> 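I have a structure I would like to understand better, so I am pasting it below and will then ask my questions one at a time.
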Amino acid sequence: MPYTTEDAIRLVNITKTFGEVVANRDISLSIKRGEILSLLGENGSGKTTLMNILSGIYYPDGGQIFVGGKEVSIGSPKDAFDLGIGMIHQHFKLVDVFTAAENIILGLPKEKDASAKLDIKAVSAKISDICSRYGFDITPDQKVYEMTVSQKQTLEIVKVLYRGADILILDEPTAVLTPQETEKLFGVMREMKKDGKAIVIITHKLHEVLSVSDRVSILRKGEYIGTVNTSDATELSLTEMMVGKKVTLDIERPEPKDIKKRLSIKNLTVIGADDVPVLSDVSFDAFGGEILGVAGISGCGQKELLEAVAGLRVTAEGSDIKFYDPDDNDSEKQLIGLTPRQIKNMGITLSFVPEDRLGMGLVASMGMSGNMMLKSYEKGNSFFTERRAPKELAEEIKDDLAVVTPSINTPVRRLSGGNVQKVLVGREIAAAPAVLMTAYAVRGLDIGTSYQIYHLLNEQKEKGVAVIYVGEDLDVLIDLCDRILVLCAGKVTGIIDGRTATKEEVGLLMTKIDSHSDKKEVKEGERE
C-alpha cells in the first residue's frame, strides 16, 4: 500500500493479541485528510482495539504506523496527542464541578502551554475561537454538571482540538443523542472535514454511516476485509461484508395477540440523591403480548423507571405498581414494598445493560457456564449444583448470539464489551419471565447480533410476555415496538403508536415537556 500525500495515517500489517485471542491480524488501511472514514465490524472484530492502538492505549505486537508519511511509534496517549491524534471515547472523561475551560487545560504540561494556568482569559478566547469556527454550542465558563449530554460530547471534541489534534477518532458518538443532536454533530464533523481534519467514526448505525462518511473500512474477526466508497454502498452490502454472508435487514413486528395487562403503574415518583425527582407522576400500563418501547435522552429516568418496577429503587408515597400474575388467574398484586428477590420470583425480570456490563449479575472471573450457573445457585436447595443445564444454556447462547470466546469456560472479563453483553442479555431472556424489562439490550452490538436480540424479544412477545424495551435508536423503536412511551426530565410526554410514529415526532417529545392535556396516548381501551 503506497503512501500518498492525502494519507494522514497509514497502517501496515498491524497485529495485536490478548492471550489466545487475536484482536487484529495483519491489518493495513489508510485514513485520509479531509475525509470522514467509518470503521465497521461485528463485536469482537477488532475496531476499538485498532483505534486504541492509534490513540496510544495499546501497543501493537507487530506492524507499522505512518503519520504524515513518517513511521512513528505510539507508546502512550501523550505520544498520540503529540502526533495530532485525539480519540473521543463513548464514556466521557470530564470533571463535573470544573468549567469547560478547566477541563480542557487539565493535565496540560506547563512547558507546552505555559499560559494555560496563568491566563484563563487567553484560554477562554482560544476555546471561543474553536467553538465559533466549527459551530460548537458551549461556553468556556460553563460547568460540566450544567451541560446536556450533547454539550459534554462537544466539550470532549473541543478538548482534543485545543490540544492540536487534526486526526479525530469518535467511538459510538451518537449512542445517547437525539436525532436533532445527531444531525448537529454531523454538521460539525462536516465543517471539520472541510478544514482538512481526518475523522474516523466507529458506529453500528448503518444509516448514519451512509449519511456522514466518505469511505467505509470493514473488519471481520480481527482481519481487514476492505474499504468501499460510501456512495457505492448500501446497508445490505455493508452488512454482508461485515458478516460474510447474505442477510435480511427487516425487523419483524408481529401483530399483538391475546393482549393481557401485566403491569399497571400509577403516579410513580422516585426521588434522586439530591432530593430532586428523577421520575415524576409516571403512569402507564404494560401488556403481555406486546413490546412497549421507552424513549428518552440519556438520564431522563429510563433506568430509574425499570429499577423501581424491579424493586431496586425506593418510590415516593402515592406511587402504585400493580402486577397481574398469569400463574394466579391474573390476580392483582402490589409490588411496592416487596424486595427485588420477591419481585423476581414472581416472574418479573430486569435485564439491564449498563456502562459497567460486568456490574449487573455477571462474575468477571467466571466463564459463560459459571455465569449461567448463578441461576442454579438461586434456585437450588442443595449444596451440590446441577451443571448440565447451565452448560447447555451457555453453549446455546454462544451459538445463537455468536459469542466470540475461546471456550464457554473462558472468564468473561477476557471478552470484548459486546460479547459480555450478549452473555448477559441472552441469559436474562432465557429466564422465561412474565415481564421482561430490557435497557440498552443492543448498545454497542453489531447489526447481526442486534437482529438476533430483536428476534428473541419478538419470541417472548408471542409467548405472551410483556416486554419493556428501553432503546437509543429511534429507527429500531419505531420498527420494533407496538407502543412507545416517551420520557423527558422524568415525566411522560407521550405514549404513541409505533406503527404511525415518526422520528421527528419522538425526537420532539424527548426534548419538550408538554402539558398533561397535550400528551398523545393510546387509550387503555384499545389494549384491553
Side-chain angles (χ1 to χ4, degrees), residues 9 11-29 39-65 72-80 85 87-91 93 169-172 200 202-204 217-225 242-244 353-360 362-372 394-395 397-399 401-427 443-446 448-449:
I9 290 179
L11 306 177
V12 180
N13 300 326
I14 295 295
T15 296
K16 180 65 180 177
T17 60
F18 297 94
E20 303 173 41
V21 178
V22 180
N24 296 143
R25 187 195 302 275
D26 294 328
I27 292 179
S28 298
L29 59 83
L39 190 60
L40 281 181
E42 294 184 281
N43 296 115
S45 63
K47 307 179 300 297
T48 301
T49 298
L50 187 66
M51 292 301 101
N52 281 338
I53 288 172
L54 273 184
S55 62
I57 294 174
Y58 295 147
Y59 193 80
D61 298 328
Q64 299 168 287
I65 301 174
V72 299
S73 176
I74 305 176
S76 69
K78 181 182 181 300
D79 291 343
I85 302 170
M87 185 165 178
I88 295 90
H89 297 272
Q90 185 176 349
H91 307 310
K93 304 178 185 302
I169 304 165
L170 289 80
D171 187 7
E172 298 284 352
V200 181
I202 302 173
T203 179
H204 291 295
S217 292
I218 293 95
L219 304 184
R220 187 197 310 150
K221 296 181 180 178
E223 298 185 354
Y224 173 69
I225 300 303
M242 281 194 293
V243 303
V353 182
E355 293 179 0
D356 179 11
R357 292 171 171 125
L358 293 176
M360 292 289 290
L362 293 181
V363 178
S365 60
M366 287 183 177
M368 289 181 62
S369 183
N371 273 288
M372 298 305 117
E395 291 285 4
I397 291 173
K398 178 177 179 290
D399 293 340
L401 299 183
V403 178
V404 179
T405 178
S407 160
I408 60 171
N409 296 316
T410 299
V412 294
R413 68 168 181 268
R414 296 184 184 174
L415 308 186
S416 72
N419 283 297
V420 170
Q421 186 170 329
K422 294 178 189 180
V423 176
L424 174 60
V425 175
R427 187 189 70 182
R443 174 184 280 174
L445 293 184
D446 58 74
T449 306

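Just so we're clear, the structure is a prediction, and the values are computed from it rather than from any experiment.
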> Determine whether D26 and I14 make a side-chain contact, defined as any pair of heavy atoms from C-beta on separated by less than 4.5 Å.
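Result no, sub-4.5 Å side-chain heavy-atom pair not found.
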> Are any side-chain N or O atoms of S28 and backbone N or O atoms of N13, one a donor and one an acceptor, separated by less than 3.5 Å?
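Judged by distance alone, yes, a pair lies under 3.5 Å.
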> Could you work out, with side chain to side chain donor-acceptor pair (under 3.5 Å) as the rule, every residue matching E395, not counting sequence neighbours?
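Side chain to side chain donor-acceptor pair (under 3.5 Å) check on E395 returns nothing, list empty.
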> Which heavy-atom pair separates R427 from I397 by the least distance, and what is that distance?
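Between these two residues, the closest heavy atoms are N-CD1, 3.5 Å.
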> Is there a donor-acceptor pair under 3.5 Å between the side chain of K16 and the backbone N or O of P60?
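Absent.
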> Are S76 and Y59 linked by a side-chain donor-acceptor pair shorter than 3.5 Å?
no
> Can you name the nearest heavy-atom pair linking P77 to G56, along with the distance?
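Heavy-atom minimum between the residues: CD-O, 3.4 Å.
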> Look up atom CE in M368 and atom NZ in K422, then write down how far apart they are to the nearest 0.5 Å.
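Reported value, rounded in 0.5 Å steps: 10.0 Å.
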> Is the backbone N or O of G19 less than 3.5 Å from a side-chain atom of T17, with the two atoms forming a donor-acceptor pair by type?
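No, because the side chain of T17 does not come within donor-acceptor range (under 3.5 Å) of the backbone of G19.
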> Kindly compute the distance separating CD1 (I27) from OH (Y224), expressed to the nearest 0.5 Å.
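Going from CD1 on I27 over to OH on Y224, the span is 10.0 Å.
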> Tell me, do T49 and F18 make a side-chain contact under 4.5 Å, heavy atoms counted?
yes
> Decide yes or no on side-chain contact (heavy atoms from CB on, under 4.5 Å) for Q64 and L11, but give the supporting numbers first.
CA-CA 6 Å; Q64 299 168 287; L11 306 177; over 6 Å; no
> State, with a plain yes or no, whether a side-chain heavy atom of H89 is found less than 4.5 Å away from one of N52.
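Yes, at least one pair of side-chain atoms sits under 4.5 Å.
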> Would you mind reporting whether N371 and V363 have side-chain heavy atoms less than 4.5 Å apart?
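A side-chain contact exists here, since the closest heavy-atom pair is under 4.5 Å.
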> Any non-hydrogen side-chain atom of I74 less than 4.5 Å from a side-chain atom of I65?
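I74 reaches I65 side chain to side chain.
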> Shortest non-hydrogen contact from A364 to P411?
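A364 and P411 have their closest heavy atoms at O-CB, 3.6 Å.
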> Check each of I85, L50, L39 against I169 using the side chain to side chain contact (heavy atoms under 4.5 Å, CB included) test, and report the only one that passes.
I85
> If only atom types and distance count, is the side chain of T405 paired as donor or acceptor with the main-chain N or O of I408 below 3.5 Å?
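No; judged by distance alone, with no hydrogens or angles, the pair does not exist.
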> N24 versus I53: any side-chain heavy-atom pair under 4.5 Å?
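SC-SC contact between N24 and I53 confirmed.
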> Calculate, to the nearest 0.5 Å, the distance between atoms OG and NZ belonging to S407 and K398 respectively.
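It comes to 8.0 Å.
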> Would you say the side chain of M87 lies within less than 4.5 Å of the side chain of D171, judging by non-hydrogen atoms?
yes
> To the nearest 0.5 Å, how far apart are OG in S45 and CD1 in I225?
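Taking OG in S45 and CD1 in I225, the distance rounds to 9.5 Å.
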> Report, as yes or no, whether the 6.0 Å neighbourhood of atom CZ on R220 holds more than 12 heavy atoms from other residues, nucleotides or ligands.
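Atom CZ in R220 is packed in, count exceeds 12.
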> Are any non-hydrogen side-chain atoms of R413 and S365 less than 4.5 angstrom apart?
yes
> For D61 and T15, does a side-chain donor sit closer than 3.5 Å to a side-chain acceptor?
no
